[in-house]
Amino acid sequence: MINNILRSYFLLLLFFASLSATGDEIRNETEGDRRAKGIESRADRKFVRQDFDEAMAIYESAFKNTLSAKYGGALHLKVGRLYLTLLDYVAAIPHYESAMAIASDLFTSADVCNYLDALRFSGERMKAIGLARRYAYRDTYHSDQRYQNILHALNYEGGFLPIGTPEYTVRGLDNANTSNSEFWVGLKGNEYFYASSKSRFHDPSKKFYHRSNYFSLNENSEFSIKNEGNSKRRLLDMIPEGLQNGPMSFSSNMTRMVVTQVHYGKDEGIGMTAQGLNTFQTRLYYSNYDQKRKGWSSFKEAFPQKEGYSYSHPFLFNNDRSLLFASDVPGGFGGYDIYVTHWNDKTGTWNDPVNLGSQVNTEGDEISPGLFDDMLIFSSNGHVGFGGYDVYGITYENGQAVLGSLIHFDYPINTVHNDFSLLHIDENRGYIVSDRKTANKDDIYYFERNTRGEKKNNMLFGMSEAQAVSNGSIGLMREEGKFNVPQKESLPSSRFAEHTLSLHFDFDSYKLESDALKALDLWRRIADFSKIDTLIIEGYADEIGGEEYNQTLSEKRALEVSSWLKHNGVMAKLLVQGMGQVPADIDFSTLLPGLSRELSGQSLYKSLPLENRIRLNQDARRVDIKAITK
């Protein structure tokens with residue numbers, strides 16, 4: 001009896017000691033959060049001022065503090081996003097990894113796609129495939145076209161080269177391209193010119209660039225003469241330097257121009273939004289040419305533009321009376337949409353912008369609109385494509401996109417990288433911007449239509465797959481006789497996977513135990529397989545052990561279930577996926593009532609003995625069977 005009392009007393013002492021230790025940890029994390037937030041604010045100010053190296057070093061120093069899971073996860077995600085804007089994929093990856101391990105619920109689909117791009121552009125293709133497998137059949141990602149395009153890019157980077165002669169030959173403009181971003185081509189009167197950024201900041205949405213200079217593409221132009229400093233003379237001195245921050249547009253009769261301005265908002269902080277970072281916003285300003293003064297008027301805001309959102313990629317048409325542009329303003333289809341506004345002679349202002357609708361805009365981003373003849377040319381990562389931004393065209397008549405006329409340009413106009421800002425010179429020639437050579441950021445390319453039946457010396461035949469991947473030349477295979485011509489887009493059917501059964505496994509095992517076998521056999525006997533097109537078999541592992549080992553274990557579990565189904569006469573198509581390790585879904589409040597999950601979760605879990613962690617992880621050791629119905 002006395003021994004029992006002493007044992008109970010001892011356990012109570014241990015319990016309260018653990019509470020005290022946890023309380024100290026909470027206080028330390030709270031103090032750590034406070035110090036880190038001060039460091040974060042200092043880094044924000046440096047970043048906004050474009051002192052990027054110093055800013056990133058300050059952000060990194062914040063992680064030396066003990067941070068709560070909630071704040072630490074958010075800060076890792078923010079720093080990963082910022083590294084991505086500097087195209088430092090290698091530095092971004094560990095922060096995305098940490099954020100996903102601590103607070104994966106903060107990730108939007110755009111974050112997952114950006115993380116995948118960082119992995120594949122830094123050569124971590126296998127790691128990207130492993131990450132993609134975790135999300136491939138979740139409903140949100142099944143319907144996210146940008147994600148599906150990235151899956152395609154991962155599949156075809158090791159796939160096939162185009163057959164036959166492409167419709168176009170594409171070559172880089174060596175006289176224009178540098179290690180900076182050459183991100184846009186426009187037309188001023190009869191002269192083609194381009195924009196180049198001196199800044200390291202590189203918006204993944206391609207909406208704007210800091211510190212732009214504009215140069216002529218005409219080698220015989222006075223603007224392309226090099227000065228003593230061996231750099232091209234700047235063009236467009238009539239525009240204030242503060243308004244030279246991205247794509248701009250002149251009307252065909254040179255009486256109006258619209259430019260992009262970086263708008264810094266009310267403070268120097270960098271906030272987090274559901275869409276990503278609100279680091280900088282952009283606005284559109286316009287100026288009219290005064291025939292009497294023989295000069296340009298002062299710049300005015302084109303129309304009322306909402307605080308916290310961006311307006312970019314202007315394109316004037318219709319004798320300077322209409323303006324196309326891209327914006328992430330609320331009320332669209334998602335991301336950046338393309339809008340049109342028309343000049344009102346009575347009020348001397350632009351009318352309220354109108355969204356171009358679902359034939360053009362998607363839940364992804366649509367940018368860089370332009371017109372050639374009766375076709376609206378634009379770029380999108382939300383339509384079916386090769387990966388990243390691709391270029392599309394749609395018939396545009398009477399101010400509307402024509403239903404069913406959308407086309408997707410084939411390789412080599414589009415690649416598995418970002419291809420955007422296409423500008424036609426005529427029906428056979430033009431310019432396009434692409435980051436297919438990732439080391440050079442964005443570059444300008446010249447394209448020219450091939451003569452039918454003529455083989456060019458610079459074609460891909462004989463090129464190794466590794467070479468093809470490195471320069472972005474891998475494209476989709478088409479049906480015979482339809483290669484390398486613009487295609488009407490064929491949208492995939494919307495089929496969603498419905499969860500039907502979960503089977504659980506013992507620790508470090510892929511053997512089907514008796515309970516799982518009984519559940520599997522019962523489900524096989526009562527399921528109506530005449531209505532099932534495909535069964536998705538997803539294997540998972542807990543987070544105990546190495547990530548690579550757990551990836552293999554999850555695949556073995558999925559294969560074990562697939563083999564059982566085949567052996568027992570199930571005739572449906574089977575799609576087997578090893579999803580790797582997943583964190584335990586534990587309600588820590590049941591272990592220590594009154595203690596918040598955010599503050600106690602990771603530290604409490606890691607302090608538990610191995611046998612307790614194995615027990616808590618039992619739900620993660622499973623195979624999910626999902627059905628796609630006919």
Side-chain angles (χ1 to χ4, degrees), residues 100-101 104 112 116 119 124-142 144 147-148 150-152 154-155 158 495-529 531-585 614 616-630:
M100 185 162 283
S104 61
V112 173
L116 286 169
L119 289 169
E124 298 276 1
R125 181 172 176 270
M126 294 310 298
K127 188 178 286 188
I129 290 173
L131 174 66
R133 284 172 174 168
R134 299 186 201 175
Y135 293 88
Y137 294 99
R138 299 185 189 184
D139 285 355
T140 299
Y141 294 90
H142 186 81
D144 188 306
Y147 176 81
Q148 295 296 324
I150 291 175
L151 289 187
H152 167 265
L154 289 169
N155 287 335
R495 301 189 305 167
F496 294 92
E498 180 180 352
H499 181 271
T500 59
L501 183 66
S502 289
L503 305 166
H504 291 88
F505 291 76
D506 285 343
F507 176 68
D508 199 26
S509 171
Y510 58 91
K511 179 184 177 183
L512 281 165
E513 300 296 335
S514 58
D515 288 347
L517 286 169
K518 288 178 183 177
L520 192 54
D521 188 54
L522 176 62
W523 172 75
R524 179 186 63 84
R525 286 189 276 112
I526 64 175
D528 185 356
F529 288 98
K531 296 181 180 179
I532 295 176
D533 177 81
T534 303
L535 289 174
I536 301 168
I537 316 298
E538 295 179 345
Y540 295 87
D542 62 33
E543 56 189 341
I544 301 172
E547 184 173 351
E548 185 175 349
Y549 178 83
N550 286 326
Q551 177 66 44
T552 301
L553 181 58
S554 71
E555 292 171 358
K556 288 180 178 179
R557 285 171 175 163
L559 287 169
E560 186 74 7
V561 174
S562 173
S563 297
W564 188 95
L565 292 171
K566 291 178 181 177
H567 182 73
N568 286 273
V570 174
M571 302 302 292
K573 289 184 289 187
L574 301 178
L575 185 57
V576 181
Q577 295 281 336
M579 309 300 286
Q581 65 186 37
V582 292
D585 187 14
I614 290 173
L616 290 171
N617 273 278
Q618 58 189 356
D619 287 340
R621 300 187 293 272
R622 70 182 193 275
V623 166
D624 289 342
I625 301 177
K626 300 177 181 179
I628 296 178
T629 56
K630 293 179 180 178

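Please read these numbers as outputs of a predicted model, since none were measured by experiment.
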With a 4.5 Å cut-off on side-chain heavy atoms, are [Y] and [X] touching?
X    : Y    : answer
W564 : I537 : no
V112 : I150 : no
L559 : Y510 : no
F505 : V561 : yes
V623 : E560 : no
L520 : L565 : yes

Hey, is the main chain of [Y] close enough, under 3.5 Å, to the side chain of [X] for a donor-acceptor pair?
X    : Y    : value
Y540 : D619 : no
R557 : S509 : yes
T500 : I625 : yes

Locate the shortest heavy-atom distance separating [X] from [Y]; write the atom from each residue and the value.
X    : Y    : answer
A627 : L535 : CB-CD2, 3.9 Å
A558 : E538 : CB-C, 4.4 Å
E555 : G578 : CG-CA, 3.5 Å
A516 : H504 : CB-O, 4.0 Å
G580 : S554 : N-OG, 2.9 Å
A541 : L553 : CB-CD2, 4.3 Å

* Salt bridge flag under 4.0 Å for residues D624 and K626 ->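 So D624 does not pair with K626 through a salt bridge.
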
* **Verdict with supporting geometry, R125 and I129, side chain to side chain contact (heavy atoms under 4.5 Å, CB included)** => CA-CA 6 Å; R125 181 172 176 270; I129 290 173; 3.8 Å; yes

* To do: With sequence neighbours left out, write down each residue that passes side chain to side chain contact (heavy atoms under 4.5 Å, CB included) with K566, or none if nothing qualifies.
  =>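 K566 satisfies side chain to side chain contact (heavy atoms under 4.5 Å, CB included) with S562, L574 once adjacent residues are dropped.
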
* Asked: side chain to side chain contact (heavy atoms under 4.5 Å, CB included) with F507: which residues, sequence neighbours excluded?
  ->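 For F507 the side chain to side chain contact (heavy atoms under 4.5 Å, CB included) partners, ignoring immediate neighbours, are D542, I544, I614, R621.
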
* CD (E548) with more than 12 external heavy atoms under 6.0 Å ->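 Count not over threshold, so no.
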
* Spacing of CG belonging to N550 relative to CG belonging to D508, to within rounding of 0.5 Å ->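 Reported value, rounded in 0.5 Å steps: 8.5 Å.
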
